[in-house]
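When reading the values below, keep in mind they use all heavy atoms of this one structure, side chains included, and skip hydrogens, waters and symmetry mates.
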Amino acid sequence: MNQSQNAATQSDENIAMRPMKKLRILIVAGEPSSDHHGAAVVERIRAMAPNVEIVGMGGGALRDAGVTTIVDSETSGSIMGITEVLRHIPKILQSFNLLVAEVDRQKPDLAILIDFPDFNLRLAKKLAKRGVRVLYYISPQLWAWRSGRVKTMKRTVTKVAAIFPFEEGFYHRHNVDAEYVGHPFMSELPIS
């Protein structure tokens, strides 16, 4: 073996011996259906990267999938109706601030935001300011209402995992990176 081949082999061995940085992911699922869909995503991620560290906001399904929940969505998320929202504003703000503090502490490599648009779009702004890549799964139905929020998506979201085929085109027309991944219910429906 010549010197350059020997140096290349030693270099490869040195790279292989270096400890790999543990991948850190923040996941935010504020509603029961998001918790369920998020657990399926986490299981797929863990199949590809078993040592990944995943923390965030979720309920029982995400905890069962091995996510460390900083915020329990069963007590802090899934609030409906204006009077209920107003009554829970302090808890919502506390949950939001806990997640932002966790982002500052953990410095995740990626954030996966699932549905829960009023909360998650605000969080996406904070994540973008901190340089965290954001994958939005089950994105807001901007094509149906409040389409002006697509500007926020463009500034703050790295990629949209679209669940309807036409969403991919909608986001592309607005210069938002998106990819159609299919609807999560399709894998759960029995086909006879």
Side-chain angles (χ1 to χ4, degrees), residues 23-42 44-45 52 54-59 62 67 69-71 73 76-82 85 88-89 92-104 106-187:
L23 180 65
R24 290 191 175 117
I25 297 175
L26 173 79
I27 190 164
V28 179
E31 300 144 333
S33 63
S34 301
D35 183 52
H36 174 75
H37 299 314
V41 169
V42 167
R44 288 188 179 155
I45 290 171
V52 67
I54 306 175
V55 301
M57 178 178 186
L62 278 173
V67 173
T69 52
I70 306 306
V71 176
S73 66
S76 297
S78 198
I79 298 167
M80 305 294 274
I82 189 70
V85 168
H88 287 91
I89 283 178
I92 294 167
L93 289 174
Q94 179 186 25
S95 298
F96 187 87
N97 291 334
L98 280 170
L99 288 169
V100 171
E102 186 66 18
V103 166
D104 289 340
Q106 292 275 342
K107 305 201 182 332
D109 301 292
L110 173 69
I112 301 172
L113 308 180
I114 306 172
D115 203 0
F116 206 41
D118 291 325
F119 187 94
N120 277 336
L121 285 175
R122 284 177 179 80
L123 183 59
K125 290 177 188 177
K126 297 284 187 182
L127 294 166
K129 284 180 183 175
R130 287 160 171 79
V132 177
R133 294 177 297 155
V134 175
L135 173 68
Y136 210 121
Y137 179 52
I138 310 178
S139 68
Q141 296 176 346
L142 303 179
W143 39 268
W145 63 294
R146 295 175 65 186
S147 61
R149 296 182 297 172
V150 75
K151 293 174 187 167
T152 300
M153 298 279 286
K154 182 179 177 180
R155 286 191 316 271
T156 62
V157 173
T158 310
K159 188 161 193 144
V160 173
I163 64 169
F164 296 113
F166 64 86
E167 286 181 321
E168 184 176 359
F170 169 84
Y171 283 113
H172 287 171
R173 283 190 300 281
H174 292 280
N175 298 313
V176 176
D177 189 12
E179 183 176 333
Y180 171 63
V181 297
H183 199 288
F185 286 138
M186 292 310 292
S187 64

Should Tyr180 and Glu167 be marked as a side chain to side chain contact (heavy atoms under 4.5 Å, CB included) after you check the CA-CA gap, both sets of side-chain angles, and the distance that decides it? CA-CA 7 Å; Tyr180 171 63; Glu167 286 181 321; over 6 Å; no
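- Considering Leu23, Val55, Val103 as possible partners of Pro108, the one that fulfils the side-chain contact (heavy atoms from CB on, under 4.5 Å) test is Val103.
- Considering every non-hydrogen atom in both Gly38 and Leu62, the closest pair reads C-CD2, 3.5 Å.
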Working for side chain to side chain contact (heavy atoms under 4.5 Å, CB included), residues Val132 and Leu26: CA-CA 10 Å; Val132 177; Leu26 173 79; over 6 Å; no
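- Among residues two or more places apart in sequence or in another chain, the ring pair (Phe, Tyr, Trp, His ring centres under 6.0 Å) test is passed with Phe119 by Phe96, Phe116.
- Note: Phe170 and His174 have tilted aromatic rings, judged against thresholds of 30 and 60 degrees for the angle between ring planes.
- Put simply, the side chain of Arg149 reaches to within 4.5 Å of the side chain of Asp118, judged on heavy atoms.
- For Glu102, the salt bridge (charged side-chain N to carboxylate O under 4.0 Å, His left out) partners are Arg105, not counting sequence neighbours.
- Residues meeting the side-chain hydrogen bond (donor to acceptor under 3.5 Å, both in side chains) test with Asp177, sequence neighbours left out: none.
- With rounding to the nearest 0.5 angstrom, the CD1 atom of Ile114 is 10.0 Å from the OG atom of Ser73.
- When all heavy atoms are compared, the tightest approach of Ser139 to Tyr171 is OG-OH, 2.8 Å.
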N/O donor-acceptor pairs under 3.5 Å from side chains in residues 152-163, not counting sequence neighbours:
unit_1, atom_1, unit_2, atom_2, d
Thr156, OG1, Thr152, O, 2.6
Thr158, OG1, Val134, N, 2.9
Lys159, NZ, Glu179, OE1, 3.3

Worked check of side chain to side chain contact (heavy atoms under 4.5 Å, CB included) between Leu123 and Val100: CA-CA 8 Å; Leu123 183 59; Val100 171; 3.9 Å; yes
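- By the salt bridge (charged side-chain N to carboxylate O under 4.0 Å, His left out) test, Lys107 is found to be paired with no residue, residues two or more places apart in sequence or in another chain being considered.
- Sorted by first and then second residue, the salt bridge (Lys or Arg N to Asp or Glu O under 4.0 Å) pairs involving residues 125-139 (not counting sequence neighbours) are Asp104-Arg130.
- Looking at Asp35, its side chain does come within 3.5 Å of a backbone N or O of Gly59 through a donor-acceptor pair.
- Between the CD1 atom in Ile25 and the CD1 atom in Ile45 there is a gap of 4.0 Å [rounded to 0.5 Å].
- Atom CD1 of residue Ile138 and atom CG of residue Leu113 lie 12.0 Å apart, to the nearest 0.5 angstrom.
- Within the 4.5 Å cutoff, the side chain of Ile112 has no heavy atoms near those of the Ile54 side chain.
- Under the rule for a ring pair (Phe, Tyr, Trp, His ring centres under 6.0 Å), His172 has no partner lying at least two apart in sequence or in another chain.
- Judged by distance alone, with hydrogens and angles left aside, the side-chain atoms of Asp115 form no donor-acceptor pair with the main-chain N or O of Gly30 at under 3.5 Å.
- For the atom pair CD1 of Ile70 and OG of Ser95, the computed distance is 11.5 Å after rounding to the nearest 0.5 Å.
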